Amino acid sequence: MQRLLGGRAGRQAADRARGIDPRPVVPRALPVAATARCAFDRHVLDGAEVRGALLGLVVKLGHLLRRRGQVARSLTLVLKFAGGTSWEKTRRLAEPSAHDDDLRTLAYQLMDAAGPQRGRLTGLALRGEDMVDADQVAQQISLDGAREARLVAEGAIDRVRDKFGPGVIGPAAVLGRAS
C-alpha cells in the first residue's frame, strides 16, 4: 500500500483496513425538532377520533423526546385537509418539557384554536421544536402530588414500552379518555 499510495497515505490505508483509527469518536448532535405523524385511511370529521389520534401523537412524541433526553420549548400542530390544504400553528410551552401531560395540554389548545368542526381531515402532525438537552433545563420542585405520581408512572410506562414495544400500552391508558 505504501508503494502504491505513498508513505503516510499507505500506512493510513493499511491501518484502516485493520480497523485501527486513532481519531476520537464524536457523537452526533441530536436534532432540533422531532415529529410524530398520523395519516387517516379516510376523511375524518369525528372530533373524538381526531382527539384520539392527537393523543396518540402526544404520547409518541413525548416518548421519543424522553428517550433522546431532550425537551421541547414549543409545539407545532399541522392539520392536513381533504383537497390538499393544510393549517399550521405553533405555540411555546410555559416551560420546556417532554412530559405527556404538558404536551397534551398545549396540543389540545392548538387543536381548539384550529376549530376544524366541518373540516375533513386526512392527517395530523405534531412537531416538538426548539429542543434542548433535558439536563440543561432546571427542574421545578412541585408540591402537586398527583402530577409527581403521573411523572413517576410515565417513566415506568416508558420502560414497559421500550421492553415490549409501543403498542403494549395505548395513549388512553396513560392519559385517560381523549375527549
Side-chain angles (χ1 to χ4, degrees), residues 24-40 47-80 86-116 121 123-179:
V25 176
V26 179
R28 242 180 32 160
L30 290 170
V32 294
T35 305
R37 290 184 174 84
C38 171
F40 298 114
E49 188 175 346
V50 172
R51 279 212 186 251
L54 182 60
L55 182 60
L57 294 180
V58 164
V59 170
K60 215 184 287 187
L61 181 64
H63 182 72
L64 176 64
L65 293 176
R66 289 187 300 276
R67 196 171 18 148
R68 286 182 181 173
Q70 291 184 303
V71 293
R73 292 182 182 160
S74 63
L75 280 183
T76 298
L77 177 65
V78 180
L79 304 177
K80 302 279 186 183
S86 65
W87 180 89
E88 185 172 324
K89 183 76 172 176
T90 302
R91 283 198 184 157
R92 293 191 67 77
L93 287 153
E95 59 186 40
S97 180
H99 299 299
D100 295 344
D101 233 12
D102 301 331
L103 299 177
R104 177 183 49 89
T105 301
L106 187 58
Y108 281 1
Q109 288 174 0
L110 287 167
M111 181 60 84
D112 292 342
L121 289 173
L124 298 169
L126 187 65
R127 186 171 55 238
E129 296 178 326
D130 195 14
M131 297 189 323
V132 295
D133 289 338
D135 56 354
Q136 293 179 353
V137 176
Q139 184 97 14
Q140 180 70 32
I141 295 174
S142 173
L143 299 176
D144 184 3
R147 178 177 168 80
E148 293 301 318
R150 283 193 305 270
L151 296 181
V152 169
E154 188 176 78
I157 290 168
D158 284 347
R159 289 189 296 279
V160 169
R161 279 198 185 109
D162 289 339
K163 186 171 184 176
F164 297 107
V168 173
I169 300 175
V174 177
L175 293 172
R177 292 181 48 133
S179 55

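Treat the numbers as computed from the prediction; the structure is a model and nothing was measured. All residue numbers in this chain count up from 1 along the given sequence. All heavy atoms count here, side chains included; hydrogens, waters and symmetry mates do not.
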Next on the checklist: What verdict does the side-chain contact (heavy atoms from CB on, under 4.5 Å) test give for Q109 and D112, after you've listed the backbone C-alpha separation in whole Å, the side-chain angles of each residue and the deciding distance to 0.1 Å?
Outcome noted: CA-CA 5 Å; Q109 288 174 0; D112 292 342; 5.6 Å; no
Taking the side chain as every heavy atom from C-beta outward, state whether [X] and [Y] have any pair of such atoms under 4.5 Å apart.
| X | Y | value |
| --- | --- | --- |
| R37 | K80 | no |
| D158 | R67 | no |
| L65 | V71 | no |

Next on the checklist: The test is side-chain contact (heavy atoms from CB on, under 4.5 Å); show your working for T35 and L64 and say whether it passes.
Outcome noted: CA-CA 9 Å; T35 305; L64 176 64; over 6 Å; no
Of all the heavy-atom pairs spanning [X] and [Y], show the shortest one and how long it is.
| X | Y | value |
| --- | --- | --- |
| R104 | V58 | N-CG1, 3.6 Å |
| A34 | M131 | N-CE, 3.8 Å |
| Q70 | P31 | NE2-O, 3.1 Å |
| D102 | S97 | OD2-OG, 2.6 Å |
| L121 | F40 | O-CD1, 3.8 Å |

Gap separating the [atom1] atom of [X] from the [atom2] atom of [Y], nearest 0.5 angstrom:
| X | Y | atom1 | atom2 | result |
| --- | --- | --- | --- | --- |
| D133 | R68 | CG | CZ | 11.5 Å |
| L126 | K60 | CG | NZ | 10.5 Å |
| K89 | M111 | NZ | CE | 14.5 Å |
| T90 | L106 | OG1 | CG | 9.5 Å |
| W87 | L77 | CH2 | CG | 5.5 Å |
| L54 | C38 | CG | SG | 9.5 Å |

Next on the checklist: Determine whether a donor-acceptor pair (N or O, by modelled atom type, separation under 3.5 Å) exists between the side chain of E154 and the backbone of D100.
Outcome noted: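 Pair found, side chain donor or acceptor close to backbone of D100.
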Next on the checklist: Closer than 3.5 angstrom, by distance alone: can the side chain of R66 be matched with the main-chain N or O of A98 as a donor-acceptor pair?
Outcome noted: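 Yes.
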Checklist entry - Between L61 and L75, is a side-chain contact (heavy atoms from CB on, under 4.5 Å) present by the stated rule, with each step listed? => result CA-CA 10 Å; L61 181 64; L75 280 183; 3.7 Å; yes
Checklist entry - So L79 and L124, side-chain contact (heavy atoms from CB on, under 4.5 Å) or not? Walk me through it. => result CA-CA 5 Å; L79 304 177; L124 298 169; 3.0 Å; yes
Checklist entry - Salt bridge or not for R159 and D162, using N-O below 4.0 Å? => result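 Not counted as a salt bridge, because no side-chain N and carboxylate O are separated by less than 4.0 Å.
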Item to check | Flag if over 12 foreign heavy atoms under 6.0 Å of CZ, R91 | outcome: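 More than 12 within 6.0 Å, yes.
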